[in-house]
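The structure displayed is predicted, hence computed values, not measured ones.
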Amino acid sequence: MLIRRWSASRDGRQLKGAVQLPWEVDYVTLEVSSRDGQPMFALAATNGLADRLVLLDWNVGFVPYRPAVIESAKGHVADASNTPVGNPYQWRGVFIPSINGGGAGAHTSWSSANADAVNDNSTKAPLLPPPPFQNYIKRNVLLDTLSQGLNMLQVSNPVYLDWLIKEVKDQSSSDTTPALSCLELPPYSLGSGYWNVDFSGTVIGVLAVPYRRTQNVGTDLDMLLEQIRKLFKCSDKSFTGMLLDAAEAYLRSEQNRSGYFAGDLLEIGNLYRVDVLERYCGVQGYPLTQEVTFQLAPDIAPPAGWPAYGQLSNQGAATTPPPPVPIDTPPLVFDASGKATLQLNKGWKYEVSGAYEGYEAGKHDFHTPVSGVISVPCALKVLLILKVYTTSPDSGAIPANITITDVKGNPVIKGTTQSDGKGNYVFSNPIGQPLSPRVYTIKATSMGPPRNPGTTTITVSRGVEQEVTVQLGPIRRPPLKKKAKQSGSSSALP
């Protein structure tokens with residue numbers, strides 16, 4: 001195949017010319033003939049064998065895309081870099097901020113994810129980050145055309161090639177370990193997990209120039225590399241494609257003083273890798289609650305609306321590990337029917353006690369969650385109501401002052417009988433001052449005209465109500481005065 005023809009000078013003393021040879025042409029010959037077409041001599045030349053290359057490698061960082069922040073109802077973290085949102089494992093179109101050789105270090109983007117979950121069980125439960133975060137691995141090789149390209153090469157410096165192959169092998173090994181932690185939800189909890197993650201990119205691109213070019217007088221490889229750095233622009237091409245664009249722009253320009261020609265640089269391959277690092281993560285557990293109803297269960301029912309009291313105490317966690325720490329145990333207040341309803345945290349042990357006024361409180365141990373109504377026993381130990389009626393033989397029901405004393409004569413209760421609107425005068429011990437079962441003396445004294453007080457002894461029994469009537473004496477009348485005797489003298493009256 002004829003590549004180029006030159007003609008000698010007019011005087012036939014000089015033959016001069018230059019040609020760019022295709023890379024795939026290994027050998028050429030130069031044939032020189034006289035003006036009449038007779039062969040004079042022939043020269044043979046080599047275009048540079050393919051195993052005689054000088055490798056140019058760049059190891060730089062790129063900024064991966066970041067996934068969008070995933071928020072949740074209880075989201076704790078909404079932190080992200082100002083880098084473009086996209087697939088971190090997409091290598092085309094990524095931003096490469098520098099191509100200064102020698103390993104400029106990785107550049108990062110970051111984002112965060114939140115996930116809410118409910119664990120309504122007595123054991124801990126796993127909490128994974130939401131997709132796509134749960135699919136990220138610690139090291140993912142996105143593209144590797146470099147390893148095979150290097151393995152097929154034989155270059156002028158095999159020691160350097162061996163080092164580069166080992167370096168690429170180390171850089172191209174994936175780590176499929178999940179990058180983000182699987183968190184644990186405590187038992188009986190509403191959990192909110194959060195993860196913050198870094199994405200760092202590394203790219204290695206390798207070009208080559210023919211060995212003969214670096215040996216030619218007048219070539220300046222450093223100048224070529226410096227111009228590539230100056231003219232480098234990010235695009236949607238591979239890294240070496242961007243490098244070649246910068247090189248070609250310079251080599252085809254009038255400013256080219258490097259001694260190299262357009263098409264001299266060869267593309268060997270690219271390696272793109274993304275490393276994912278979990279910066280921090282955590283889970284906040286909130287207690288799960290249930291409605292628990294308590295009902296007083298007395299052995300003898302009190303009157304309707306009788307006051308009651310109760311107490312509830314937390315006895316510790318019922319699970320291992322424990323549920324989220326509960327808020328203070330709420331107060332236990334029984335209504336007029338002896339019922340109370342509370343919202344209690346699940347997974348805890350409790351002790352409940354309660355009783356009506358005048359009852360001995362019972363206890364009940366339980367742990368949540370619980371089904372059904374919790375019965376709280378209590379036993380009556382006193383007489384709740386003693387009704388004292390006061391009467392007299394001459395006036396019927398009358399008001400009186402009441403004094404109740406024990407067997408030693410000590411006053412226990414004092415009061416006054418009041419009209420009940422039904423023609424009776426009655427006194428009842430105040431609520432909260434029940435009478436213990438024993439013998440008492442009741443004395444009623446008149447509040448009106450003088451009467452002899454009434455006294456009675458009563459044996460009080462345990463129960464709800466007991467009645468007794470105390471009769472006072474009749475009204476005490478003052479004695480009549482005797483008439484004065486007449487004197488012995490007399491006078492005549494008309």
Please determine whether a side-chain nitrogen of the Lys or Arg among [X] and [Y] lies less than 4.0 Å from a carboxylate oxygen of the Asp or Glu.
X: Lys166; Y: Asp170; value: yes
X: Asp144; Y: Arg273; value: no
X: Lys124; Y: Glu184; value: yes
X: Asp245; Y: Lys233; value: no
X: Asp365; Y: Lys363; value: no

- Message: Please report whether the ring centroid of Tyr89 lies less than 6.0 Å from that of Tyr65.
- Response: no
- In this structure, are over 12 heavy atoms from other groups packed under 6.0 Å from Gln311 atom CD? no
- Item | Enclosure of Glu360 CD (heavy-atom neighbours >12, cutoff 6.0 Å) | no
Would you say the side chains of [X] and [Y] form a donor-acceptor pair under 3.5 Å?
X: Asn270; Y: Thr240; result: yes
X: Thr176; Y: Ser174; result: no
X: Thr123; Y: Asn121; result: no
X: Thr293; Y: Thr341; result: yes

- Item | Spacing of Leu55 atom CG and Leu207 atom CG [to the nearest 0.5 Å] | 9.5 Å
- side-chain hydrogen bond (donor to acceptor under 3.5 Å, both in side chains) test vs Thr390 passes for just one of Thr445, Thr469, Asn424, Thr417, namely Thr417
- Message: Does anything in residues 359-381 form a ring-ring contact (aromatic ring centres under 6.0 Å, His included)? List the pairs, not counting sequence neighbours.
- Response: Phe294-Phe366, Tyr350-Phe366, Tyr356-Tyr359
- List in chain and number order the residues that pass side chain to side chain donor-acceptor pair (under 3.5 Å) with Asp116, two or more places apart in sequence or in another chain; answer none if no residue qualifies. Ser72, Ser192
- Item | Residues Thr329, Asn314; criterion side chain to side chain donor-acceptor pair (under 3.5 Å); working and verdict | CA-CA 7 Å; Thr329 303; Asn314 190 315; 4.5 Å; no
- Can a cation-pi geometry be assigned to Arg66 and Trp110, taking NZ or CZ under 6.0 Å from the six-membered ring centre and within 45° of the ring axis? no
